[in-house]
Amino acid sequence: MKPKFEEISTSTVREVIELLSPAADDYLYVYDFAQDYYYISPHARQRFLMEDNAFHNVAENLKRMVYPEDFPKLRADLDGILTTNRCTHNLTYRLLSAEEKPVWINCRGTVVRDAAEKPLYMVGCINEIGKDQKADNRSGLLGAASLKTYLSQYKDAFPDGFVLRIGLDGLKGVNARLGIEYGDLVLEKTSEFISECLLPGETLYHVVGDEFLVVDFEGRNTALGKDLYRHVRDKIRDFIMEKNYEVLFTISGGMLDCRDIDEPSYSRVMKYTEFALNEAKRLGKNTCYLYMPEDYGKFLRRRKLNLHLRQAINNQFEGFEAYYQPLFSADKHRLIGAEALMRFHCEEFGMVSPGEFIPILEETFLIVPAGRWIMHEALKMCREVQKYIPDFKISINISHVQILRSSIGREILAAIDQYGIDPKYVTIELTESGLLETDQRFTTLWSHLKEAGITLALDDFGTGYSNFHYFTDLQPDIVKIDRSFAAKAATDEFEFEILSLFSKMIHELNLKVCVEGVETAAELEKLCQLPPEYLQGFFLGRPCPKTQFIEQFVQN
Ligand code: C2E
Ligand code: CA
Ligand code: CA
């Protein structure tokens, strides 16, 4: 005879839960109202913030394991069970994980009442709603959760082999142009092609939206992994041709040698392959990148440095410093002025070179506030030094990003005005970036500054982009010869001939030459034969902080 539910004791329910728990991912529970007692599947103890999976004082204990913001909602729902004759509980809220992170769950329960409708207990189930998909029924492949289970059987190390993460390039575009159904077809076909290319023992997972992951624990090397990637690519190419180019898409691959996985865990595999796939995409997509620990190390350093730079800027530029390198006249070696150079140091990395942090500032547009900061520092310094040397000139480097992303022209003029400096004592240094003569923002700024009487210097001549017609088109006041060019010219007669020719042409246009990076007496002697108007270099003076600069170069 079927027992009435109210005749089943909570200790029996508890035994049933204990029995079922090993077979269920979800958490089963019973809440005995009369005894104020709660019991939940034992494996909840590892997942959630609870000392024991059985406890009295339920409200108080729940309060500790529920995400604080969600507790009032749960409390109200439970009170409703006690004050009305409602028999169901169905609530979505957050519990705290053992690591005290919020975990979204759905909690459902059935309330068992006695003949007088008094609630006896509630029995039900908690399931995590944000949990990874175990399988993808559309592609017919296993999902991330299954990959996790597969990898978790290896405790000490993964076997030799490779992991290849494949991502579709431009699925969004396919969806937008041909519709979601077509996008689904492309995904389906890709997973089909990968499956067809697998060798015995290799397993395939559909990890996220447009990404697949192949695991080879059969000892095959990454060269074979790259073959796999190429085979899939060939199949895709044939498919595109078969469809008469109605659809165009490519795949990128992130390859990982199992020997490079320093800790055998799912999270490492995902982290490294994600990095590798991103690198492949960054390299222009439709290519496969092999994970290198050094590259990943550099990436992490860059990411951390980015964070430190951002924090420093938000923290009144703490860690930033302006250094000044003296600039001399070439004829009498008289101090003419200084170039302001940015420095950055932080606890984690110590002093970081501008060659490393300036590109990060540019990429993140943080060069806009940082460039503004050093401009003000430099102008303040200039005014201070002018007390000793009234015609002292200050040179400030401006990045092309500042030109594209801020109203730098107006800012420079306003700041010069604010410090009461004559514009002719300010030099703005710009590097040819390929935009200088074609982009209107550059040409406008250039003529604007020129009109205001500011000196313009074309920096880094002799590297990359330099081209002689910039001199005629842009008419800078000064051309700065980069150290790489100058150093070669100092020792190589042929290079010296080239540099002298340039120097002659520059002088014929009535522009001035500054030689940068003079490191030795021999270099100085040779390069003075050009002859340049200005000199800069470690041999004459290294960049240093303002007080040292004043002591060393101004007061002496
Ligand atoms: P740059 O504008 O060409 O600056 C000259 C660089 O040459 C400086 O490097 C200076 O320390 C270095 N140098 C000077 N004399 C010698 C020498 O005799 N030998 C050698 N080997 N090097 C010498 P630094 O300070 O490391 O700056 C590197 C680059 O970072 C700068 O090259 C510039 O492009 C950028 N940078 C530095 N400060 C700023 C800034 O405030 N704003 C912007 N936008 N860029 C900056
Ligand atoms: Ca410069
Ligand atoms: Ca330079």
Side-chain angles (χ1 to χ4, degrees), residues 309 312-313 317 320-328 337-345 351-382 393-406 408 411-412 415 426-433 436 445 455-466 476-490 513-524 526-527 532 534-546 548-549 553:
L309 288 163
I313 289 175
F317 297 91
F320 278 91
E321 204 177 345
Y323 269 38
Y324 300 93
Q325 185 176 30
L327 193 79
F328 296 95
E339 175 174 2
L341 295 161
M342 214 184 279
R343 293 291 176 267
F344 179 72
H345 55 87
M351 193 63 126
V352 187
S353 118
E356 184 176 9
F357 74 79
I358 298 271
I360 298 178
L361 290 180
E362 290 183 329
E363 228 167 76
T364 52
F365 306 143
L366 289 172
I367 191 72
V368 171
R372 192 179 290 138
W373 170 82
I374 196 165
M375 173 177 74
H376 281 269
E377 289 296 305
L379 292 173
K380 266 186 270 179
M381 180 271 193
C382 179
K393 296 187 97 179
I394 188 75
S395 292
I396 301 166
N397 291 287
I398 298 290
S399 152
H400 63 277
V401 176
Q402 285 170 277
I403 301 172
L404 297 177
R405 299 275 160 176
S406 67
I408 190 68
E411 284 178 30
I412 293 170
V426 177
T427 303
I428 295 296
E429 300 196 2
L430 280 164
T431 304
E432 216 309 294
S433 64
L436 210 53
L445 173 79
T455 306
L456 293 174
L458 191 65
D459 206 354
D460 299 340
F461 180 74
T463 60
Y465 292 108
S466 317
D477 302 282
I478 302 172
V479 177
K480 296 190 82 171
I481 312 295
D482 189 72
R483 149 132 195 104
S484 57
F485 194 6
K488 265 190 279 168
V513 172
C514 173
V515 170
E516 281 194 288
V518 180
E519 281 188 359
T520 62
E523 281 178 0
L524 178 67
K526 182 77 188 167
L527 292 163
Y534 306 113
L535 291 168
Q536 207 179 335
F538 290 173
F539 183 68
L540 300 157
R542 285 181 179 261
C544 61
K546 182 179 77 181
Q548 190 187 333
F549 183 91
F553 301 107

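Every number for a ligand or one of its atoms is a count from 1 in the order of the listing.
Salt bridge status for Glu523 with Arg483: present, with a side-chain N to carboxylate O gap under 4.0 Å.
Of all the heavy atoms in Glu377 and Ala322, the pair that sits closest is CB-CB, 4.2 Å. Shown here for Pro369 and Leu366, the closest heavy-atom pair between the two residues is CD-O, 3.1 Å.
Using a 4.0 Å cutoff on heavy atoms, Gln536 does not count as a contact of ligand 1. Distances from ligand 1 to the non-hydrogen atoms of Arg542 include no value under 4.0 Å. Distances from ligand 1 to the non-hydrogen atoms of Arg343 include at least one value under 4.0 Å.
Heavy-atom contacts of Glu516 reach the following atoms of ligand 1: 3 (O), 5 (C) (cutoff under 4.0 Å). Atoms of ligand 1 found under 4.0 Å from any heavy atom of Ile374 (numbered from 1 in listed order, with element): 41 (O). If you number the atoms of ligand 1 from 1 as listed, the ones under 4.0 Å from a heavy atom of Val518 come out as 18 (O). Shown in contact with Gly517 at under 4.0 Å from a heavy atom are these atoms of ligand 1, numbered in order with element: 15 (N), 16 (C), 17 (C), 18 (O). Counting the atoms of ligand 1 from 1 in the order shown, those under 4.0 Å from a heavy atom of Glu339 are 2 (O), 4 (O). Listed by number with element, the atoms of ligand 1 under 4.0 angstrom from any heavy atom of Gly537 are 15 (N), 18 (O).
In this structure, atom 32 (O) of ligand 1 has its sub-4.0 angstrom surroundings free of protein heavy atoms. Protein non-hydrogen atoms do reach within 4.0 Å of atom 19 (N) of ligand 1. Within a 4.0 Å radius of atom 11 (O) of ligand 1, the protein contributes at least one heavy atom.
By the criterion of a heavy-atom distance under 4.0 Å, both the backbone and the side chain of Leu341 are placed next to ligand 1. At a heavy-atom cutoff of 4.0 Å, ligand 1 is contacted by the side chain of Asp460 but not by its backbone. Using a 4.0 Å cut-off between heavy atoms, Pro543 contacts ligand 1 through its side chain alone, with no backbone atom that close. Neither the backbone nor the side chain of Asp482 comes within contact range of ligand 1; no heavy atom lies under 4.0 Å. Under 4.0 angstrom from ligand 1, the non-hydrogen atoms of Asn397 come from both its backbone and its side chain.
With respect to atom 22 (N) of ligand 1, the closest heavy atom belonging to the protein is Phe538 CZ, 3.4 Å.
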Kindly indicate, with the supporting measurements, whether the criterion side-chain contact (heavy atoms from CB on, under 4.5 Å) is fulfilled by Val426 and Thr455.
-> CA-CA 6 Å; Val426 177; Thr455 306; over 6 Å; no
Would you sort out whether Phe553 and Gln548 count as a side-chain contact (heavy atoms from CB on, under 4.5 Å), showing the intermediate values?
-> CA-CA 8 Å; Phe553 301 107; Gln548 190 187 333; over 6 Å; no
Yes or no on side-chain contact (heavy atoms from CB on, under 4.5 Å) for Phe357 and Leu309, after CA distance, side-chain angles and deciding distance?
-> CA-CA 8 Å; Phe357 74 79; Leu309 288 163; 4.1 Å; yes
For Met375 and Trp373, what are the C-alpha separation, side-chain angles and deciding distance, and is it a side-chain contact (heavy atoms from CB on, under 4.5 Å)?
-> CA-CA 5 Å; Met375 173 177 74; Trp373 170 82; over 6 Å; no
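The only member of Gln325, Lys480, Lys393 that meets side chain to side chain donor-acceptor pair (under 3.5 Å) when paired with Glu339 is Lys480.
In terms of modelled atom types and a separation under 3.5 Å, the side chain of Gln402 and the main chain of Ser399 share a donor-acceptor contact.
Listed by chain and number, the protein atoms of type N/O/S under 3.0 Å from the Ca ion (ligand 2) are Glu339 OE2, Asn397 OD1, Glu429 OE1, Asp459 OD2; waters are omitted.
Using a 4.5 Å heavy-atom cutoff, the side chains of Val479 and Asp459 are not in contact. A 4.5 Å side-chain heavy-atom check between Pro543 and Phe538 finds at least one atom pair inside the cut-off. Within the 4.5 Å cutoff, no side-chain heavy atoms of Ile396 are placed close to those of Glu429. Using a 4.5 Å heavy-atom threshold, the side chains of Asn397 and Ile358 count as separate.
Note: an N/O pair closer than 3.5 Å links Met342 and ligand 1 by distance alone.
Below 30°, between 30° and 60°, or above 60°: for Phe485 and Phe461 the angle between ring planes is between 30° and 60°, a tilted geometry. Using the six-membered ring where Trp is involved, Phe344 and Phe320 have ring planes that are tilted, between 30° and 60° apart.
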